[in-house]
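Data block below; observations after.
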Number of protein chains: 2
Amino acid sequence: MMKELENKLEQKEVRPTAMRLLVLETLQKQKAAVSLQDLEDTFEKADRVTLYRTLKTFQEKGLIHSIEDGTGATKYALCQEGCECAPEDMHVHFFCNSCEDTFCLPKFKIPEVSLPEGFVPMETNLLVKGVCVNCTA
Amino acid sequence: MMKELENKLEQKEVRPTAMRLLVLETLQKQKAAVSLQDLEDTFEKADRVTLYRTLKTFQEKGLIHSIEDGTGATKYALCQEGCECAPEDMHVHFFCNSCEDTFCLPKFKIPEVSLPEGFVPMETNLLVKGVCVNCTA
DNA sequence: CCTAAAAACGCAATTCCATTGCACGTTTTA
DNA sequence: TAAAACGTGCAATGGAATTGCGTTTTTAGG
């Protein structure tokens, strides 16, 4: 199983260190996006900066993407299957006002947006706030 | 002219102090959204906190709205005519990667987004990043 | 196998932005 | 006009992101 994680890292040209494997494993388990603080809480022994740089590396290599959900803390999420984390492949993020979790909704594409003359779009982020499926019950 | 500004404030139940009139006047002149830092640079004599609270008041009273453009600093913009700054009246914001200005595009509505079963949307923010009309030349 | 170079890590410290507490002056209102 | 409410300025705090640098670990070459 660790082998799978190793492969995943190596495919993206990220050297599979112990720390990185653990972080990747954790990210895979999550249903919601995680913040740096969340990771710190998960790995109490690990250094904040190491985790920070791990996330940064993952992001640069296209393993994860970051999300600004308005809470002030950046959240991170692995892209699910089918999502390349590429700018063109834009999906929706949902922030739950109740549980304050942020979800990545790769299956729900952002509709085309019309812009004024001369504005050239490169990437698009759509953040929907509301109540998530776990909190509507 | 100052009278107009005064009226605008009073209509929103904001008492027209000297500082507030100046800030409002400045905001009206802007084509792009401004940050607290921008205001500090404009009014070097004014206190950061006063400007901060002025913006906060304006926002609470519905004169302006805030924008998170991913730069870390919150930007603020007056709503143009026709925009009520209400959650339902959602418009697009455009961040220029070149000049790093953020524009409010009230004429361009956010298309309806479909969400998974059980997710209830309440407000929506669409941030498009790219190159603005001033930088495409 | 050994060593030099490169990469990752850990700790300390800094920066940037947002926010709060409190004292003081001004405006409103009873 | 006195009390209360409000606005302003200064000092200080807090949270998150980020950098510097020395140490450890890993990699690649001899």
Side-chain angles (χ1 to χ4, degrees), chain A residues 2 5-6 8-27 33-61 63-77 95 100 102, chain B residues 2 5-6 8-10 12-27 33-61 63-77 95 100-102:
Chain A
M2 272 297 155
L5 296 176
E6 275 194 44
K8 195 157 183 176
L9 288 180
E10 279 163 356
Q11 278 167 28
K12 299 283 187 173
E13 297 183 311
V14 176
R15 291 212 272 219
T17 67
M19 192 74 253
R20 287 171 177 172
L21 288 169
L22 285 173
V23 172
L24 180 58
E25 189 187 20
T26 301
L27 288 172
V34 299
S35 66
L36 177 56
Q37 186 62 52
D38 291 335
L39 280 186
E40 272 188 84
D41 296 343
T42 307
F43 304 105
E44 298 198 355
K45 289 189 178 178
D47 186 84
R48 163 184 210 80
V49 178
T50 301
L51 294 171
Y52 169 74
R53 286 199 256 243
T54 298
L55 289 174
K56 206 168 177 185
T57 301
F58 281 9
Q59 187 172 12
E60 281 163 1
K61 299 296 185 174
L63 272 163
I64 63 177
H65 62 274
S66 62
I67 310 160
E68 311 253 328
D69 61 8
T71 59
T74 308
K75 306 275 178 76
Y76 301 87
F95 176 75
E100 302 197 323
T102 299
Chain B
M2 272 296 158
L5 296 176
E6 276 193 46
K8 194 156 180 174
L9 289 180
E10 279 165 355
K12 300 284 187 174
E13 298 184 308
V14 176
R15 291 211 276 224
T17 67
M19 192 76 253
R20 286 171 178 170
L21 288 169
L22 285 173
V23 172
L24 179 58
E25 188 187 19
T26 301
L27 288 172
V34 299
S35 65
L36 178 56
Q37 185 63 52
D38 292 334
L39 280 187
E40 271 188 82
D41 296 342
T42 305
F43 304 105
E44 298 198 354
K45 289 188 177 177
D47 188 85
R48 164 186 208 77
V49 179
T50 302
L51 295 171
Y52 168 74
R53 287 197 256 241
T54 298
L55 290 174
K56 206 169 177 183
T57 302
F58 282 8
Q59 188 172 13
E60 282 163 0
K61 299 297 185 173
L63 273 163
I64 63 177
H65 62 274
S66 61
I67 310 160
E68 310 253 330
D69 61 9
T71 59
T74 307
K75 306 276 178 73
Y76 302 86
F95 176 75
E100 302 198 323
D101 270 351
T102 300

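Residue numbers start from 1 in every chain, and the chains themselves are labelled A, B, ... in the order their sequence lines are given, proteins ahead of strands.
In terms of heavy atoms, B:Leu9 sits closest to B:Pro16 at CD1-CA, 3.6 Å. When all heavy atoms of B:Lys8 and B:Leu24 are compared, the closest pair comes out as CB-CD2, 4.2 Å. Nearest heavy-atom pair, A:Phe43 versus A:Met19, reported as atom, atom and distance to 0.1 Å: CG-CE, 4.2 Å.
Projected onto DNA chain C by closest heavy-atom contact, B:Thr71 and B:Lys56 fall at different nucleotides, the more 5' of which corresponds to B:Thr71. Nearest-nucleotide positions on DNA chain C place B:Ala73 closer to the 5' end than the other of B:Arg15 and B:Ala73. Residues B:Val14 and A:Gly72 both approach DNA chain D. Their nearest nucleotides, taken by heavy-atom distance, put B:Val14 toward the 5′ side.
Rounded to an integer number of Å, the gap from CZ of A:Phe43 to P of C:dG10 is 12 Å. Here D:dG7 presents its C1' atom at 14 Å from NZ of B:Lys61, a figure rounded to the nearest Å. Note: CG (B:Leu51) to P (D:dG7) measures 15 Å, nearest angstrom. For the pair A:Ile67 CD1 and D:dA16 P, the computed distance is 17 Å after rounding to whole Å. In this entry the distance linking CZ of A:Arg53 with C1' of D:dA16 reads 15 Å, nearest Å. We find that CG of A:Leu39 is positioned 14 Å from P of C:dG10, with the value rounded to whole Å. One atom, CD of A:Glu13, and another, P of C:dA6, lie 18 Å apart when rounded to the nearest Å. In this entry the distance linking CD of B:Glu68 with C1' of C:dA18 reads 11 Å, nearest Å.
Across D:dA17, C:dA18, C:dC11, the shortest atom-to-atom separation from the side chain of A:Tyr52 is found for D:dA17. Checking C:dG10, C:dA18, D:dA16 against every side-chain atom of A:Gln37, the shortest atom distance belongs to D:dA16. Distances from the side chain of A:Val49 to the nucleotides C:dA18, D:dC10, D:dG20 place D:dG20 closest. Which of C:dA18, C:dC11, D:dG9 sits closest to the side chain of A:Asp47 comes down to C:dC11.
The structure places OG of A:Ser35 at 9.5 Å from CG of A:Leu55, a figure rounded to the nearest 0.5 Å.
In this structure, A:Arg20 contributes its side chain and A:Thr54 its backbone to no donor-acceptor pair below 3.5 Å.
Residue B:Arg20 places at least one side-chain N or O closer than 4.0 Å to OP1 or OP2 of D:dG7. Side-chain N/O atoms of A:Thr17 include none lying less than 4.0 angstrom from OP1 or OP2 on D:dT26. For the pair B:Thr74 and C:dA18, the criterion of a side-chain N or O lying under 4.0 Å from OP1 or OP2 is met.
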